[in-house]
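Everything on this sheet refers to the single structure shown next.
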Amino acid sequence: TDRLRVWSAVGLMASARVVSTCLFVALLTCTLRCSQCVKLSNIILILTDDQDVEMGGMFTVTPLCCPSRSSILTGKYPHNHLVRNNSISGNCSSTTWQKEAEPFAFPVYLNKLRYQTFYGGKYLNQYGSKDAGGVGHVPPGWDQWHALVGNSKYYNYTLSANGKEEKHGDNYEKDYLTDLVLNRSLHFLEERSPSHPFFMMLCPPSPHSPWTAAPHYQQTFSDVKAPRNGSFNMPGKGKHWLLRQPANPMPNSSVEYLDNAYRRRWQTLLSVDDMVEQLINKLDSIKELSNTYIFYTSDHGYHTGQFSLPIDKRQLYEFDIRIPLLVRGPGIKPKLTLQSPVLNIDLSMTILDIAGVNLSTVNMDGQSFLPQMVSAPSLRNGTERPFFLVEYTGEGHSSEDPSCPKLGPGLAECFPDCVCEDAFNNTYACVRTLKDANLQYCEFADNESFVEVYNLTSDPHQLENIVKKVDPALLQIMNQRLIKLESCTGDSCRNVK
């Protein structure tokens with residue numbers, strides 16, 4: 001025993017080195033194992049189609065389906081992802097988009113972190129078309145892919161089911177798209193591995209046209225009409241020429257049409273309510289609700305009668321650029337309202353922040369709003385942007401609309417009653433400020449170089465274009481901000497002064 005206690009100095013030092021090395025290896029191993037064992041939060045993004053801002057609110061950076069959805073997926077302004085409209089020629093789901101943008105969309109990052117990923121519903125308007133690679137094209141980052149071919153439908157559509165064509169008819173139980181997306185997402189939750197987190201993106205067609213409600217909801221809201229407040233049935237005086245062309249007041253046929261659309265849109269959303277309820281119940285039953293972030297939003301807003309425009313989107317006004325945003329998840333206090341502006345290009349960065357991605361390595365224009373929602377530290381501190389960009393590229397037909405021959409070429413979406421909602425020169429870029437002043441400044445790319453300016457503090461419905469009343473120095477400041485934003489990329493979009 002005495003011999004075991006008597007160690008030479010050399011032996012003691014050698015033993016210390018061995019112990020030290022062993023402790024280091026043990027700590028390193030423990031750290032690695034612990035980092036692997038930390039369970040990342042699950043994430044669900046529910047994205048409706050054409051829903052206005054009755055609930056919550058954030059801003060879309062462009063008020064049209066394909067460019068907006070492309071912004072959500074890439075976290076970029078349209079001038080950086082280069083999707084201009086809903087056509088292949090406008091880069092919607094084109095082969096160029098597939099090669100240059102899809103590999104850097106946020107689901108790719110999640111998939112690399114071993115998130116189990118599911119997509120269901122509408123993707124991009126041209127997805128699945130022959131020119132876009134057909135149904136065999138499955139974007140990278142998705143383990144389960146159940147995407148609608150083309151634009152929103154409720155029945156009689158085609159899906160890409162993991163790259164295989166799947167035809168659907170008009171049977172409610174088997175084919176109603178909102179319910180199908182829900183049912184397949186519930187199956188995904190049943191079959192997933194509990195050892196890895198999951199991400200689901202659910203994109204029902206509601207409340208997009210053709211506004212086909214589930215059979216049991218088709219008699220609801222029978223007395224509902226579009227709200228008659230704000231700018232409803234007001235003339236577009238002082239605005240871009242496209243807003244000055246509708247008849248004012250609207251004819252009864254237009255009002256009846258938009259009221260019917262408004263009511264049917266509400267009806268289709270009842271199935272989305274069912275989707276949310278069943279998802280939450282399922283998450284609760286599999287004990288994942290407390291560890292799951294759920295985002296509810298839309299691609300852009302919608303108007304029904306504002307400024308005598310019967311129905312559509314595409315315009316620069318609040319009713320088309322404000323969209324719902326509801327979030328629940330770990331660390332978020334009930335009934336919390338974010339005070340700083342949030343954009344749809346922020347969704348991707350926020351989701352990646354939740355997943356633990358180092359956001360300094362991600363080339364996106366948005367920023368995470370996770371720090372605004374939870375008290376826990378985020379990998380990237382959120383900052384309050386003083387202003388932001390809204391941009392849109394107008395579309396028109398090279399020939400005149402046969403049903404509206406008096407209007408001539410260059411216009412689009414001329415219904416009902418030949419009221420056109422778009423044109424080639426309905427191309428604009430806007431600076432929207434909220435921090436120091438509630439202002440909007442917009443420039444049109446047309447022969448007039450038309451400018452619209454609104455003070456939304458005194459004029460929340462944007463009834464008066466005050467461009468001729470504003471201090472020219474302020475116009476100059478807004479113009480310079482717009483120039484910077486239109487050429488920004490990545491960090492420079494977040495740090496424009």
Between [X] (side chain) and [Y] (backbone), is there a donor-acceptor pair under 3.5 Å?
X      : Y      : value
Ser87  : Gly90  : yes
Thr427 : Phe424 : yes
Thr304 : Ala226 : no
Gln245 : Cys420 : yes
Ser231 : Gln306 : no
Gln462 : Glu318 : yes
Asp417 : Ser254 : yes
Gln98  : Ala132 : yes
Tyr392 : Gln315 : no
Arg244 : Lys237 : no

Do [X] and [Y] get their side chains close enough for a donor-acceptor pair, meaning under 3.5 Å?
X      : Y      : value
Thr212 : Tyr176 : no
Gln126 : Asn86  : no
Ser94  : Asn91  : yes
Thr60  : Ser68  : yes
Asn425 : Trp241 : yes
Glu452 : Tyr317 : yes
Ser271 : Thr178 : no
Gln267 : Trp211 : no
Asp179 : Tyr172 : yes
Ser71  : His81  : yes
Asp274 : Tyr217 : yes
His461 : Asn229 : no
Glu166 : Tyr157 : no
Asn80  : Asp365 : yes
Asp401 : Ser403 : yes
Asn344 : Arg69  : no

*Might you work through the disulfide bond (SG atoms under 2.5 Å apart) test for Cys404 and Cys414, ending with a clear yes or no?*
CA-CA 8 Å; Cys404 305; Cys414 299; 5.4 Å; no
Once rounded to the nearest 0.5 Å, what's the spacing between atom [atom1] of [X] and atom [atom2] of [Y]?
X      : Y      : atom1 : atom2 : answer
Ile72  : Leu47  : CD1   : CG    : 4.5 Å
His168 : Leu148 : NE2   : CG    : 10.0 Å
Trp266 : Asp273 : CH2   : CG    : 11.0 Å

_Cys418 and Leu407: CA distance, side-chain angles, deciding distance, side chain to side chain contact (heavy atoms under 4.5 Å, CB included) verdict_ = CA-CA 8 Å; Cys418 291; Leu407 298 178; 4.1 Å; yes
Are the side chains of [X] and [Y] in touch, meaning some heavy atoms are under 4.5 Å apart?
X      : Y      : value
Arg494 : Gln367 : yes
Thr220 : Arg263 : no
Val342 : Leu325 : yes
Tyr296 : Val272 : yes
Ser129 : Ile88  : yes

*Start with the C-alpha gap between Tyr293 and Leu370, add the side-chain angles, then the distance that decides, and say whether side chain to side chain contact (heavy atoms under 4.5 Å, CB included) holds.*
CA-CA 11 Å; Tyr293 286 90; Leu370 181 62; 4.2 Å; yes
_Under-2.5 Å SG separation for cysteines Cys488, Cys493_ =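 Correct, these two cysteines form a disulfide.
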*Hey, what do you get for Cys442 versus Cys430: SG atoms under 2.5 Å apart or not?*
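Cys442 pairs with Cys430 as a disulfide (SG atoms under 2.5 Å apart), so yes.
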_From CA spacing to verdict: side chain to side chain contact (heavy atoms under 4.5 Å, CB included), Leu343, Tyr77_ = CA-CA 10 Å; Leu343 313 181; Tyr77 282 117; 3.7 Å; yes
*After noting the C-alpha distance and the side-chain angles of Phe59 and Phe388, does the key distance pass the ring pair (Phe, Tyr, Trp, His ring centres under 6.0 Å) rule?*
CA-CA 10 Å; Phe59 292 89; Phe388 57 89; 4.9 Å; yes
*Return the set of residues passing side chain to side chain donor-acceptor pair (under 3.5 Å) with Glu464 (not counting sequence neighbours), or none when no residue passes.*
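Checked Glu464 against side chain to side chain donor-acceptor pair (under 3.5 Å); matches are Lys469.
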_Those residues that, when tested against Asn465, pass side chain to side chain donor-acceptor pair (under 3.5 Å) (two or more places apart)_ =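 Once residues adjacent in sequence are excluded, Asn465 has no partner under the side chain to side chain donor-acceptor pair (under 3.5 Å) criterion.
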*asked:* Against Lys313, only a single residue in Asp320, Asp49, Asp50 fulfils salt bridge (charged side-chain N to carboxylate O under 4.0 Å, His left out); can you say which?
replied: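 With Lys313 as partner, salt bridge (charged side-chain N to carboxylate O under 4.0 Å, His left out) holds for just one option, Asp50.
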*Check against side chain to side chain contact (heavy atoms under 4.5 Å, CB included), Arg264 and Val224*: CA-CA 10 Å; Arg264 293 173 65 189; Val224 167; over 6 Å; no
*Going by an N to O cut-off under 4.0 Å, is there a salt bridge joining Asp422 and Arg314?*
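Salt bridge: yes.
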*Answer yes when Asp259 and Arg228 have at least one side-chain N-carboxylate O distance shorter than 4.0 Å, and no when they do not.*
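Looking at Arg228 together with Asp259, the answer is yes, because their closest N to O distance falls below 4.0 Å.
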*Go through the steps to decide whether Thr393 and Asn85 satisfy the test side-chain hydrogen bond (donor to acceptor under 3.5 Å, both in side chains), and finish with yes or no.*
CA-CA 7 Å; Thr393 302; Asn85 54 47; over 6 Å; no
*asked:* Over 60° means perpendicular and under 30° means parallel, so tell me whether His137 and Tyr127 are parallel, tilted or perpendicular.
replied: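 His137 vs Tyr127 ring planes: tilted.
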*How are the rings of Phe444 and His240 set relative to one another: parallel (under 30°), tilted (30 to 60°) or perpendicular (over 60°)?*
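Aromatic pair Phe444/His240 classed parallel.
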*Under 6.0 Å between ring centres, would you say that holds for Tyr115 and Phe199?*
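Ring centroids of Tyr115 and Phe199 are no less than 6.0 Å from each other.
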*Heavy atoms of other groups near Glu448 CD, more than 12 under 6.0 Å*: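 Enclosed.
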*Within 45° of the ring axis of Phe307 and under 6.0 Å from its six-membered ring centre, is that where the NZ or CZ of Lys239 lies?*
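Yes, Lys239 sits over the ring of Phe307.
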*Looking at Phe118, is Arg184 sitting on its ring face, NZ or CZ under 6.0 Å from the six-membered ring centre and within 45 degrees of the normal?*
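Pair Arg184/Phe118 does not count as cation-pi.
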*Of all residues at least two apart in sequence or in a different chain, which pass the salt bridge (charged side-chain N to carboxylate O under 4.0 Å, His left out) check with Lys76?*
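None.
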*Would you name the heavy atoms of Val451 and Tyr441 that are closest together and state the gap between them?*
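Smallest heavy-atom distance, with atoms named: CG1-CE1, 3.8 Å.
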